[in-house]
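Proteins come first, then strands; the chains are lettered A, B, ... in the order of their sequence lines, and each starts at number 1. Below, each value reflects all heavy atoms present in this structure, side chains not excepted, and no hydrogens, waters or symmetry copies.
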2 protein chains.
Amino acid sequence: MDVPDQVSEALTTCRLRDVLDRVGDKWSVLIMALLGDGPRRYSDLRRSIDGISQRMLTLTLRSLERDGLVIRTVTPTTPPRVDYELTPVGHTLSKEVSSLIRWSERHREYIGMSRRSYDAR
Amino acid sequence: MDVPDQVSEALTTCRLRDVLDRVGDKWSVLIMALLGDGPRRYSDLRRSIDGISQRMLTLTLRSLERDGLVIRTVTPTTPPRVDYELTPVGHTLSKEVSSLIRWSERHREYIGMSRRSYDAR
DNA sequence: CTGCATCCTCTTGGATACTG
DNA sequence: CAGTATCCAAGAGGATGCAG
């Protein structure tokens, strides 16, 4: 059994739904991975994540902060500077996410082939 | 460094986007976890996953099949019987997903508290 | 620089009805 | 039983403009 009974039951009753939504979020995964290397500034994150809008970056960071995964530090200089870093719990999630990303890297080729062969039918 | 340079670069150029979308998908995660325990019938999955619509179950399974993560087996009896099971690669992803679900279990409490305390402000 | 507010579009996904 | 097809509502998310 890969999944314990307790978890299976949790799946069916959707108690995990809200947490999995966090993990499954498009941008959260990328942000968690990047912050795994250390603190980053807002503008730094924005440049590092290709295709993210300012709105989504802010919303995602707020949501990560709300979940206790990220800490937001404001330095009131002019112009202001804001740094984001993982909390200890955030780091443990970042580890999981990194593992998932490595899986993606390892199997990207396979998935691409599967898709092409499926679509060929 | 939790994330290798290669992956960081992949993140910024979004080459991983399509694979992460798969992983991040709401229903895919649950289905992968359930199938980790062994093959399941369509109706079985439907009953096991609370809140999923017939439409989404079918769409998600098709998409998993397309990615080479799930195998669909039709037994042409009356009524027809369709079984779904993980491919070898699907099993490796299921392991990752199970790990993520266990993380969720471990930190559900913490996240709940963080949210309540954040919202209290 | 770091954001918030608004508008507006497009996708996601639920409900329902119908088929082999 | 295991889908497919259609319709439709809700929400995600981009673009833009403004503010501290």
Side-chain angles (χ1 to χ4, degrees), chain A residues 11-12 14 16-32 34-35 39-67 70-85 118-119 121, chain B residues 11-12 14 16-32 34-35 39-67 70-85 118-119 121:
Chain A
L11 286 174
T12 61
C14 275
L16 290 176
R17 190 64 279 143
D18 52 341
V19 179
L20 286 178
D21 280 347
R22 148 70 46 240
V23 172
D25 183 64
K26 179 180 179 177
W27 302 116
S28 292
V29 172
L30 298 180
I31 292 176
M32 294 297 297
L34 286 173
L35 290 182
R40 294 242 192 174
R41 296 186 58 173
Y42 181 87
S43 52
D44 189 9
L45 286 171
R46 193 172 176 202
R47 260 177 284 105
S48 296
I49 304 176
D50 190 53
I52 195 169
S53 67
Q54 191 178 40
R55 172 190 156 85
M56 286 318 294
L57 179 54
T58 300
L59 286 180
T60 305
L61 286 169
R62 285 290 173 282
S63 149
L64 289 170
E65 190 190 1
R66 186 171 99 103
D67 285 0
V70 156
I71 292 177
R72 179 170 177 270
T73 310
V74 183
T75 310
T77 53
T78 47
R81 172 200 177 102
V82 181
D83 288 276
Y84 292 91
E85 64 181 320
Y118 184 95
D119 293 342
R121 293 177 239 162
Chain B
L11 286 175
T12 60
C14 274
L16 290 176
R17 191 64 278 145
D18 53 341
V19 178
L20 286 178
D21 281 347
R22 148 68 48 239
V23 171
D25 183 64
K26 178 180 178 176
W27 301 116
S28 292
V29 171
L30 298 179
I31 292 176
M32 295 296 297
L34 285 171
L35 290 181
R40 295 241 194 176
R41 296 186 59 173
Y42 181 87
S43 51
D44 189 10
L45 285 171
R46 197 178 171 193
R47 259 176 286 105
S48 296
I49 303 176
D50 190 53
I52 196 170
S53 66
Q54 193 178 36
R55 173 191 155 87
M56 286 317 295
L57 178 55
T58 300
L59 286 180
T60 305
L61 286 169
R62 285 287 175 285
S63 147
L64 289 169
E65 189 190 1
R66 186 171 98 104
D67 284 0
V70 155
I71 293 177
R72 179 170 176 271
T73 310
V74 182
T75 310
T77 53
T78 46
R81 173 201 177 102
V82 181
D83 289 275
Y84 291 91
E85 63 180 321
Y118 184 94
D119 294 341
R121 294 178 238 163

For this session: Would you indicate which nucleotide in dC1(C), dG13(C), dG20(C) comes nearest to any side-chain atom of P79(A)?
Result: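 My answer, after comparing the listed nucleotides, is dC1(C).
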Problem set entry | Residue S53(B), side-chain heavy atoms: nucleotide from dC4(C), dT2(C), dG14(C) that is nearest |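 Closest nucleotide to the S53(B) side chain: dG14(C).
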Problem set entry | Q54(A) vs L59(A), nearer the 5' end of DNA chain D by closest nucleotide |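 The residue mapped nearer the 5' terminus is L59(A).
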Exercise. Of R55(B) and D44(B), whose closest DNA chain D nucleotide lies nearer the 5' terminus?
Worked result: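 Nearest nucleotide further toward 5': that of D44(B).
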Exercise. Can you check whether R62(A) has a side-chain N or O nearer than 4.0 Å to OP1 or OP2 of dG3(C)?
Worked result: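 R62(A) to dG3(C) OP1/OP2: side-chain N or O found under 4.0 Å.
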Problem set entry | Under 4.0 angstrom between R41(A) side-chain N/O and dC1(C) OP1 or OP2 |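 For R41(A), the contact criterion (side-chain N or O under 4.0 Å from OP1 or OP2 of dC1(C)) is not met.
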Close side-chain approach of [X] to [Y], heavy-atom, < 4.5 Å:
X: L61(B); Y: E65(B); value: no
X: D67(B); Y: Y118(A); value: no
X: R47(B); Y: D44(B); value: yes
X: L35(A); Y: L45(A); value: yes

Please name the pair of heavy atoms, one in [X] and one in [Y], separated by the smallest distance, quoted to 0.1 Å.
X: R41(B); Y: P80(B); answer: NH2-O, 4.1 Å
X: V74(B); Y: R72(B); answer: CG2-NH1, 3.6 Å
X: L64(B); Y: M32(B); answer: CD2-SD, 3.8 Å

Provide, to the nearest angstrom, the distance between the [atom1] atom belonging to [X] and the [atom2] atom belonging to [N].
X: R46(A); N: dC4(C); atom1: CZ; atom2: P; result: 13 Å
X: E65(A); N: dT2(C); atom1: CD; atom2: C1'; result: 14 Å
X: R72(A); N: dG3(C); atom1: CZ; atom2: P; result: 4 Å
X: D21(A); N: dG13(C); atom1: CG; atom2: P; result: 10 Å
X: R40(A); N: dC1(C); atom1: CZ; atom2: P; result: 16 Å

Problem set entry | chain A footprint on DNA chain D, 5' to 3' - any atom under 4.0 Å from a heavy atom |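 On DNA chain D, the outermost contacted nucleotides are dG13(D) to dG20(D).
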For this session: Take P80(B) and D83(A), find for each the nucleotide of DNA chain C with the closest heavy atom, and name the residue whose nucleotide sits nearer the 5' end.
Result: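 Between the two, 5'-proximity favours D83(A).
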